[in-house]
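Just below is one structure, and these are the notes that go with it.
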Amino acid sequence: MTVGRRQPKQLVLAFFGEHVVDADTGPIRASVLITVLEGAGVAAPATRATLDRLVRSGILARGRSGRETLFSLTEHGAAVLREATYRVRGPRPFDPQGSGWTLVTFSIPEGQRTLRHRLRSTLTWEGFAPIRDGLWLAPGEVDLAGSLEPLRQDLAPHAVVAFHARELAGFPIGESVRAAWDIEAIRREHLAFIDRWADPAATTAAAGALTLRTMLVADWLALLRADPRLPAEFMDAQWPAARSVQTYRRAHRALTEASTAEFAALVTHRPTVSRRTAPAAASSAPSPTRSAATRPR
């Protein structure tokens, strides 16, 4: 599992999603991010390289104040994180959204590999998996229009075609589900998360509460991405999703007070920003016309 092998990008996005996206914090100094990720075992050069990539992808904007490098979310980056926040903080993050199944097929030219990667990443987050010949399947009634809003300007008309479907008598969907998702691998992801964070010592390690909370949320995001929210009939009575939710909430509560105070102390200094880039206007990172935060879930 991602636990123990967290990528710097996961940690940076967890930090901004947990502390920045819904708060008036101002830009975050690079030194703050380096300090937090060093506590998670990420060396400063890897953090800097990750921040550079997130700027190029339009998630973050870079600025300067004197000798300090500063980072803030673009409109696109904020929309992406708010989209994830619904599930991160939702009461039933592993339940399907409605009944039936959502089917998607898409056509993107070979030369637009970055767009294709972004689309596949979005579909994966929403619980989709490919079942055959470019056909992707997800449980429930996925709000695909809202999920694809940040990509809308880059997608050609009718590049994505989607349907809501139900299982037909005589054509059981179980075989397709087992072909698309490795259910036992999903179980192992849950058990690894529980094993890591159910131990009370996990929230009192020397890394510091802010780093630990960032690690916790990064692991939670990875688990949410791994679990597509399949209907209960595909699981057994020992399915560990409910235990994962309890484990996450207990660990989060244990870290919240100390990590919030630590974050406030680190960002007390709020320098004036001189922007060097404006990635929110770039074609690779369009500003959504309708904020994901306003959509019902």
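Only a predicted model underlies this, so the values are computations on that prediction, with no experimental measurement involved. Along the sequence shown, the residues carry numbers beginning at 1.
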Does [X] have any salt bridge (charged side-chain N to carboxylate O under 4.0 Å, His left out) partners at least two apart in sequence or in another chain, and if so, which?
{"X": "Arg250", "answer": "none"}
{"X": "Arg249", "answer": "none"}
{"X": "Asp52", "answer": "Arg62"}

Parallel, tilted or perpendicular: rings of Phe94 and His190 (30°, 60°): perpendicular
If I compare all heavy atoms of [X] with all of [Y], which pair ends up nearest, and what's the gap?
{"X": "Arg118", "Y": "Pro150", "result": "NH2-O, 3.8 Å"}
{"X": "Leu81", "Y": "Gly17", "result": "CD1-N, 3.7 Å"}
{"X": "Glu18", "Y": "Arg89", "result": "O-NH2, 4.0 Å"}
{"X": "Ala14", "Y": "Ala218", "result": "CB-N, 3.6 Å"}
{"X": "Gly77", "Y": "Thr74", "result": "N-OG1, 2.9 Å"}
{"X": "Leu191", "Y": "Pro240", "result": "CD2-CB, 4.0 Å"}

Other residues, nucleotides, ligands: >12 heavy atoms within 6.0 Å of Glu233 CD: yes
Trp125 and Tyr86: CA distance, side-chain angles, deciding distance, ring-ring contact (aromatic ring centres under 6.0 Å, His included) verdict: CA-CA 12 Å; Trp125 171 255; Tyr86 283 105; over 10 Å; no
Roughly how far, to the nearest 0.5 Å, is [atom2] of [Y] from [atom1] of [X]?
{"X": "Ser244", "Y": "Asp227", "atom1": "OG", "atom2": "CG", "value": "8.0 Å"}
{"X": "Arg48", "Y": "Thr69", "atom1": "CZ", "atom2": "OG1", "value": "8.5 Å"}
{"X": "Ile186", "Y": "Phe234", "atom1": "CD1", "atom2": "CZ", "value": "11.5 Å"}
{"X": "Asp182", "Y": "Arg187", "atom1": "CG", "atom2": "CZ", "value": "10.5 Å"}
{"X": "Met215", "Y": "Trp197", "atom1": "CE", "atom2": "CH2", "value": "5.0 Å"}
{"X": "Leu13", "Y": "Leu54", "atom1": "CG", "atom2": "CG", "value": "5.5 Å"}

Verdict with supporting geometry, Arg229 and Gln97, side chain to side chain contact (heavy atoms under 4.5 Å, CB included): CA-CA 8 Å; Arg229 296 181 274 191; Gln97 303 173 85; 3.2 Å; yes
Check whether [X] and [Y] end up in the same hydrophobic cluster, where Ile, Leu, Val, Met, Phe, Trp and Tyr are linked by side-chain heavy atoms less than 4.5 Å apart.
{"X": "Leu212", "Y": "Leu221", "answer": "yes"}
{"X": "Leu223", "Y": "Val217", "answer": "yes"}
{"X": "Phe71", "Y": "Val267", "answer": "yes"}
{"X": "Val104", "Y": "Leu115", "answer": "yes"}
{"X": "Leu11", "Y": "Ile34", "answer": "no"}

When you measure from the side chain of [X] to the backbone N and O of [Y], does any donor-acceptor pair fall under 3.5 Å?
{"X": "Thr214", "Y": "Phe15", "result": "no"}
{"X": "Arg82", "Y": "Val21", "result": "yes"}
{"X": "Thr247", "Y": "Ala198", "result": "no"}
{"X": "Ser121", "Y": "His117", "result": "no"}
{"X": "Thr211", "Y": "Val36", "result": "yes"}
{"X": "Gln10", "Y": "Gln7", "result": "yes"}
{"X": "Arg225", "Y": "Thr124", "result": "no"}
{"X": "Arg116", "Y": "Leu119", "result": "no"}

No-hydrogen, no-angle side-chain donor-acceptor test under 3.5 Å, Thr256 and His252: yes
Distance-only side-chain donor-acceptor flag, Arg213 / Thr260, under 3.5 Å: yes
Do the side chains of [Y] and [X] get nearer than 4.5 Å, heavy atoms only?
{"X": "Ser72", "Y": "Ile28", "value": "no"}
{"X": "Leu70", "Y": "Ser65", "value": "yes"}
{"X": "Leu216", "Y": "Phe193", "value": "yes"}

What pairs of donor and acceptor atoms, side-chain ones from residues 162-181 against any protein atom, are under 3.5 angstrom apart with sequence neighbours left out?
unit_1, atom_1, unit_2, atom_2, d
His164, NE2, Ser99, O, 2.8
Glu167, OE2, Ile173, N, 3.0

Derivation and outcome, side chain to side chain contact (heavy atoms under 4.5 Å, CB included), residues Thr102 and Leu137: CA-CA 6 Å; Thr102 302; Leu137 177 71; over 6 Å; no
Residue pair Leu210, Thr35: steps toward the side chain to side chain contact (heavy atoms under 4.5 Å, CB included) verdict: CA-CA 10 Å; Leu210 182 57; Thr35 297; over 6 Å; no
Salt bridge (charged side-chain N to carboxylate O under 4.0 Å, His left out) evaluation trace for Asp219 with Arg6: CA-CA 8 Å; Asp219 290 352; Arg6 303 173 188 91; 2.7 Å; yes
Pairing residues for Phe128 by the ring-ring contact (aromatic ring centres under 6.0 Å, His included) criterion, not counting sequence neighbours: none
Any residue meeting side-chain contact (heavy atoms from CB on, under 4.5 Å) with Ala201, in chain and number order, not counting sequence neighbours: Asp199, Thr204
Thr50/Leu37 under side chain to side chain contact (heavy atoms under 4.5 Å, CB included): CA gap, chis, key distance, verdict: CA-CA 11 Å; Thr50 299; Leu37 267 67; 5.9 Å; no
